[in-house]
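Quick note: residue numbers are just sequence positions, from 1.
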Amino acid sequence: EGGSTHMGSAGEVVRVVSVCSGNTCRSPMLQGLLQGVWLGGVRDRVHTESVGVRTLAGRPANPCAVQCVRSRGVDLSTHVSTPVQELQDVQGVDLFLCMTDGHKVTLMSDYKVLEDRIMVLGIPDPVGGGEEEYEVCCQRMESQREDIVCRIEDIIRQKEDQVTQC
């Protein structure tokens with residue numbers, strides 16, 4: 001009964017982190033789509049971030065990635081890359097959206113992330129390709145939109161259940 005009155009409390013916000021290799025293409029594209037377009041009514045309940053498992057900090061988003069999501073209402077022009085090593089409170093992340101199994105393995109082996117907090121999307125790296133490869137990448141993300149949003153909504157419900165049980 002009282003759970004809905006504390007929607008903004010840090011304990012109830014769902015942390016979702018998109019993970020790719022360089023954090024200049026796939027993971028920022030997905031983060032932008034999630035926060036900017038897909039989450040709709042639960043946007044205020046979700047904190048999104050993106051990281052790369054093999055990157056340096058401060059690199060801008062790939063121009064093809066910027067263009068691809070711009071056509072979907074997302075602005076990546078100010079994005080800069082973040083290495084996974086700089087992610088705060090890795091164990092506090094509710095869901096990692098990994099582009100490949102390799103990213104999942106890195107999180108599990110190097111950062112001791114539990115498998116049930118990882119969803120692998122199977123999206124190949126478009127780096128080196130042209131606008132067409134980035135468009136295919138976006139389309140593959142969009143084809144998984146329902147599954148991703150459903151998983152996030154399930155986590156929100158689980159957190160609400162934990163609050164009401166206290």
Side-chain angles (χ1 to χ4, degrees), residues 14-40 42-43 45-57 59-76 79-87 89-159:
V14 174
R15 274 184 77 201
V16 178
V17 177
S18 302
V19 182
C20 70
S21 300
N23 191 224
T24 59
C25 300
R26 294 170 292 176
S27 58
M29 289 166 65
L30 182 58
Q31 178 190 8
L33 290 168
L34 278 169
Q35 198 61 45
V37 183
W38 294 357
L39 291 175
V42 297
R43 184 178 294 119
R45 302 283 312 275
V46 181
H47 174 75
T48 62
E49 300 169 70
S50 66
V51 297
V53 297
R54 291 189 304 273
T55 193
L56 300 173
R59 296 173 56 211
N62 181 292
C64 290
V66 172
Q67 180 58 39
C68 186
V69 294
R70 180 182 293 135
S71 67
R72 290 159 169 85
V74 175
D75 181 12
L76 288 184
H79 172 79
V80 292
S81 60
T82 302
V84 67
Q85 303 91 303
E86 293 183 11
L87 184 65
D89 187 22
V90 171
Q91 299 308 318
V93 174
D94 295 292
L95 180 62
F96 287 93
L97 298 171
C98 293
M99 300 301 142
T100 67
D101 284 319
H103 303 134
K104 172 185 171 179
V105 168
T106 297
L107 290 176
M108 292 177 67
S109 63
D110 296 356
Y111 299 93
K112 308 304 178 218
V113 173
L114 299 176
E115 188 170 15
D116 66 351
R117 292 181 181 243
I118 299 173
M119 182 175 181
V120 177
L121 306 179
I123 299 175
D125 198 342
V127 165
E131 290 179 21
E132 306 80 34
E133 284 81 5
Y134 285 82
E135 182 59 34
V136 167
C137 188
C138 268
Q139 290 172 0
R140 291 183 79 160
M141 289 176 189
E142 290 169 335
S143 74
Q144 297 182 66
R145 173 183 180 168
E146 188 175 324
D147 291 339
I148 293 167
V149 172
C150 185
R151 179 87 178 259
I152 292 169
E153 288 173 342
D154 283 347
I155 295 168
I156 290 170
R157 280 191 288 277
Q158 291 169 5
K159 286 181 173 258

What is the minimum heavy-atom distance between L76 and A65, and which atoms define it?
CD1-O, 4.2 Å

Assess whether atom CD of E115 is packed by more than 12 heavy atoms of other residues, nucleotides or ligands within 6.0 Å.
no

Side chain to side chain, Q31 and L97, heavy atoms closer than 4.5 Å:
no

Under the criterion salt bridge (charged side-chain N to carboxylate O under 4.0 Å, His left out), I'd like the reasoning laid out for R157 against D154: C-alpha separation, chi angles, the key distance, then a yes or no.
CA-CA 5 Å; R157 280 191 288 277; D154 283 347; 2.4 Å; yes

So do V17 and V84 actually touch side chain to side chain, heavy atoms under 4.5 Å?
no

Partners passing salt bridge (charged side-chain N to carboxylate O under 4.0 Å, His left out) against E86 (at least two apart in sequence or in another chain)
none

Side chain to side chain donor-acceptor pair (under 3.5 Å) evaluation trace for T24 with N62:
CA-CA 5 Å; T24 59; N62 181 292; 5.6 Å; no

Heavy-atom side-chain proximity of V42 to V14 below 4.5 angstrom:
no

In plain terms, say whether K104 and D101 are close enough for a salt bridge, that is, a side-chain N and a carboxylate O under 4.0 Å apart.
no

Does E131 have more than 12 heavy atoms from other residues, nucleotides or ligands lying within 6.0 Å of its CD?
no

Flag side-chain contact, heavy atom, 4.5 Å: M141 against L33:
yes

Closest non-hydrogen atom pair, S27 against C20:
OG-SG, 3.0 Å

Taking R72 first and then E135, would you say they form a salt bridge - that is, a charged N and a carboxylate O separated by under 4.0 Å?
yes

